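This is the structure I have questions about; it appears just below.
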Amino acid sequence: MPVAYLNGQWTRPEDTKISVFDRGFMFGDGVYEVMPVYKGHIFTLAQHIARLQRSMAEVRIQCSMTAQEWQALLEEAVSRSNEQDALIYLQVTRGIASERSHVYPVVAPTILVTVTASQFDEDAFKPISVTCKADFRWSRGDIKVVSLIANGMLKNEAMDEGFDDAILIRNGMVTEGTSSNVFAVKDSVLWTPPKSEYLLHGITRDQVIQMARGSGLEVREENIQEAFLKQADEVWLTASGLELLPVGKVDGKTVGNGEAGLIWHRIKSVFQAEILKVIEKID
Ligand code: PDD
């Protein structure tokens, strides 16, 4: 059953109310995380907590919660929801200030957690079709902020043009997807853009790199030109909840044979094995 936590209160998500003066609502002044839950266990929990704490430090949201307290709260949320395969949404905003001002108020942060069942169906890993779009977002994509208006604009523009999503290009180079990181395979080498301030340092990205290297694949964290992307043998998007999603077409050009490639299959099965290992280790 979906569950929500707001500043100490447990409720149903649809009954949870946020103040109109919440800075997350008025200014998009907040940060967030999305975490996958497999068989009741939170995957890569420590990494998500560490990234949340970094995002909060970058935007100077003060919160006294320790990593252990975050872990306890999130585990309680999963156990109260009783969901086995789910997504946790965790949002921390600067808090409530009745005077609308660009100056940061000294107030307690708002902490919101929801747990909802994940909906994986047989289409979840069907190759998608993407278009390349100019990345006009701000240049601090490494902070996971709740203001996602630009990401939404880019995704919806792509969809209006008949694509499933967009891959974003800044100065001729791939940055990331609208809500994912990007990988390309060329001649059995796996490429992904290096970490920078222009893209989110995805936790799934780190996992995929580690798994690929562990399985003997050469991985290059180097810039990917738009033209290179269109010549790639395989293209994938990665994100929590999405895992590795194959891309079958880029701007109408078929990638490989349009199906999920050999290396995708290899890393996908390592990913599944890793999830099983995590579950078994905890149980
Ligand atoms: N988004 N880049 C962007 C812009 C993202 O929004 C996301 C994830 C990622 C992948 O990060 P990770 O592997 O840590 O989930 C990259 C989440 C899932 C969302 O906004 O729903």
Side-chain angles (χ1 to χ4, degrees), residues 13 24 28 30-38 42-56 58 70 74 85-93 112-120 124 128 130 132-158 164-170 173-184 190 192-212 219 221 224 235-245 247 267-268 271 274-275 278:
V31 298
Y32 78 106
E33 284 294 324
V34 175
M35 287 158 263
V37 175
Y38 297 106
I42 309 170
F43 193 57
T44 53
L45 174 60
Q47 292 91 321
H48 282 279
I49 293 172
R51 188 172 63 186
L52 175 80
Q53 289 178 319
R54 176 183 180 272
S55 294
M56 288 194 294
E58 289 291 327
W70 283 120
L74 298 172
D85 296 316
L87 283 177
I88 301 175
Y89 179 77
L90 165 60
Q91 176 172 324
V92 184
T93 79
L112 170 72
V113 179
T114 63
V115 180
T116 48
S118 26
Q119 281 138 9
F120 271 112
I128 62 161
V130 303
C132 293
K133 286 203 168 283
D135 189 350
F136 57 68
R137 303 171 306 157
W138 72 329
S139 46
R140 288 307 307 272
D142 60 313
I143 314 175
K144 203 161 170 57
V145 291
V146 296
S147 347
L148 291 171
I149 194 161
N151 302 58
M153 279 172 74
L154 289 157
K155 167 110 182 172
N156 285 276
E157 273 174 29
D164 298 310
D165 208 338
I167 286 181
L168 309 179
I169 310 288
R170 193 183 283 259
M173 308 292 177
V174 171
T175 52
E176 58 181 344
T178 61
S179 58
S180 57
N181 291 113
V182 177
F183 284 82
L190 186 59
T192 194
K195 287 181 177 172
S196 75
E197 295 194 336
Y198 296 129
L199 58 115
L200 189 73
H201 304 175
I203 287 159
T204 322
R205 173 189 178 280
D206 283 347
Q207 293 282 307
V208 165
I209 291 174
Q210 207 181 320
M211 289 170 197
V219 182
E221 292 179 69
I224 298 177
V235 176
W236 323 327
L237 303 181
T238 64
S240 302
L242 203 67
E243 299 176 5
L244 285 72
L245 182 65
V247 171
I267 304 304
K268 172 77 182 146
F271 205 101
E274 193 62 31
I275 291 168
V278 169

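Both backbone and side-chain heavy atoms feed into the values below; hydrogens, waters and symmetry mates do not. Quick caveat: nothing in here was measured; it's all calculated off a predicted structure. Every number for a ligand or one of its atoms is a count from 1 in the order of the listing.
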- Numbered atoms of ligand 1 (with element) below 4.0 Å of Val34, judged on heavy atoms: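 Under 4.0 Å from Val34, ligand 1 has these atoms: 18 (C), 19 (C), 21 (O).
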- Task: Output the distance between atom CD1 (Ile143) and atom CH2 (Trp138), rounded to the nearest 0.5 Å.
- Result: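 One finds 4.5 Å between CD1 of Ile143 and CH2 of Trp138.
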- Task: Just need the protein heavy atom nearest to atom 13 (O) of ligand 1, so name the residue and atom and give the distance.
- Result: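 Protein heavy atom at minimum distance: Thr204 OG1, 2.5 Å.
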- Out of Val37, Leu45, Val115, which residue meets the side chain to side chain contact (heavy atoms under 4.5 Å, CB included) rule with Leu74?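 For Leu74, the side chain to side chain contact (heavy atoms under 4.5 Å, CB included) check succeeds only for Leu45.
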- Task: Would you mind running through ligand 1 and noting each atom that sits below 4.0 Å from a heavy atom of Asn151?
- Result: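 Those of ligand 1 that fall under 4.0 Å from Asn151 are 4 (C).
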- Taking only heavy atoms of Gly202 into account, list the atoms of ligand 1 that are under 4.0 Å away from them.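 This gives 11 (O), 12 (P), 13 (O), 14 (O) as the contact atoms.
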- Item | Min heavy-atom dist Gly241 to ligand 1 below 4.0 Å |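 Contact check Gly241 vs ligand 1: negative.
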- Message: Parallel, tilted or perpendicular: which one describes the rings of Tyr38 and Phe43, with boundaries at 30° and 60°?
- Response: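 Perpendicular: the ring planes of Tyr38 and Phe43 meet at over 60°.
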- Query: What's the verdict on side-chain contact (heavy atoms from CB on, under 4.5 Å) for Lys144 and Val31, showing C-alpha distance, side-chain angles and the deciding distance?
  - Reply: CA-CA 6 Å; Lys144 203 161 170 57; Val31 298; 5.5 Å; no
- Task: Give yes if a backbone or side-chain nitrogen or oxygen of Thr178 is under 3.5 Å from a nitrogen or oxygen of ligand 1, and no if not.
- Result: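 No - when backbone and side-chain N and O of Thr178 are compared with those of ligand 1, no distance drops under 3.5 Å.
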- Message: Could you tell me, atom by atom, which parts of ligand 1 come under 4.0 Å of a heavy atom of Ala239?
- Response: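 Going through ligand 1 atom by atom, the ones under 4.0 Å from Ala239 are 10 (C), 13 (O), 15 (O).
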- Query: What atoms of ligand 1 come closer than 4.0 angstrom to any heavy atom of Glu176?
  - Reply: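 It comes down to these atoms of ligand 1: 2 (N), 3 (C), 4 (C), 16 (C).
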- Query: If you measure from each heavy atom of Tyr89 to ligand 1, is any distance below 4.0 Å?
  - Reply: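 Tyr89 does not count as a contact of ligand 1 under the 4.0 Å cut-off.
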- Item | Any Met173 side-chain heavy atom under 4.5 Å of Tyr198 side chain |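 Contact flag for Met173/Tyr198 side chains = no.
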- Task: Identify the residue among Val174, Leu154, Val182, Leu199 that makes a side chain to side chain contact (heavy atoms under 4.5 Å, CB included) with Leu168.
- Result: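 Only one of Val174, Leu154, Val182, Leu199 forms a side chain to side chain contact (heavy atoms under 4.5 Å, CB included) with Leu168, namely Leu154.
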- Glu243 bridged to Lys268 by N-O distance under 4.0 Å: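 Looking at Lys268 together with Glu243, the answer is yes, because their closest N to O distance falls below 4.0 Å.
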- Exercise: identify the closest heavy-atom pair between Ala212 and Leu190: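 Heavy atoms only, the tightest pair is CB-CD2, 3.7 Å.
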- Task: Determine whether any heavy atom of Arg51 lies closer than 4.0 Å to an atom of ligand 1.
- Result: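 Within the 4.0 Å threshold, so yes.
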- Please write down residue, atom name and distance for the protein heavy atom closest to atom 6 (O) of ligand 1.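 The protein heavy atom lying closest is Ser179 CA, 3.4 Å.
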- Which atoms from ligand 1 have a heavy atom of Tyr32 less than 4.0 Å away?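 Near Tyr32, meaning under 4.0 Å from one of its heavy atoms, ligand 1 has 6 (O), 19 (C), 20 (O).
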- Task: Check ligand 1 against Thr238 and write out every atom of the ligand that is under 4.0 Å from a heavy-atom position of the residue.
- Result: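 What qualifies from ligand 1 is 10 (C).
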- Closest protein heavy atom (residue, atom, distance) for atom 17 (C) of ligand 1: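 Looking at atom 17 (C) of ligand 1, the protein heavy atom closest to it is Lys144 NZ, 3.5 Å.
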- Query: What distance separates Leu148 CG from Met153 CE, expressed to the nearest 0.5 Å?
  - Reply: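 Between atom CG of Leu148 and atom CE of Met153 there are 13.0 Å.
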- Task: Using heavy-atom distances, let me know which of Leu242, Leu199, Leu200 sits nearest atom 11 (O) of ligand 1.
- Result: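 Residue with the shortest heavy-atom distance to the ligand atom: Leu200.
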- Which of the atoms of ligand 1 are close to Ser240, meaning less than 4.0 Å from one of its heavy atoms?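 Answer, ordered by atom number: 12 (P), 13 (O), 14 (O), 15 (O), 18 (C).
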- Message: Can you tell me which residue among Arg51, Arg205, Arg54 is in a salt bridge (charged side-chain N to carboxylate O under 4.0 Å, His left out) with Asp142?
- Response: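 Running salt bridge (charged side-chain N to carboxylate O under 4.0 Å, His left out) over Arg51, Arg205, Arg54 with Asp142 returns exactly one hit, Arg54.
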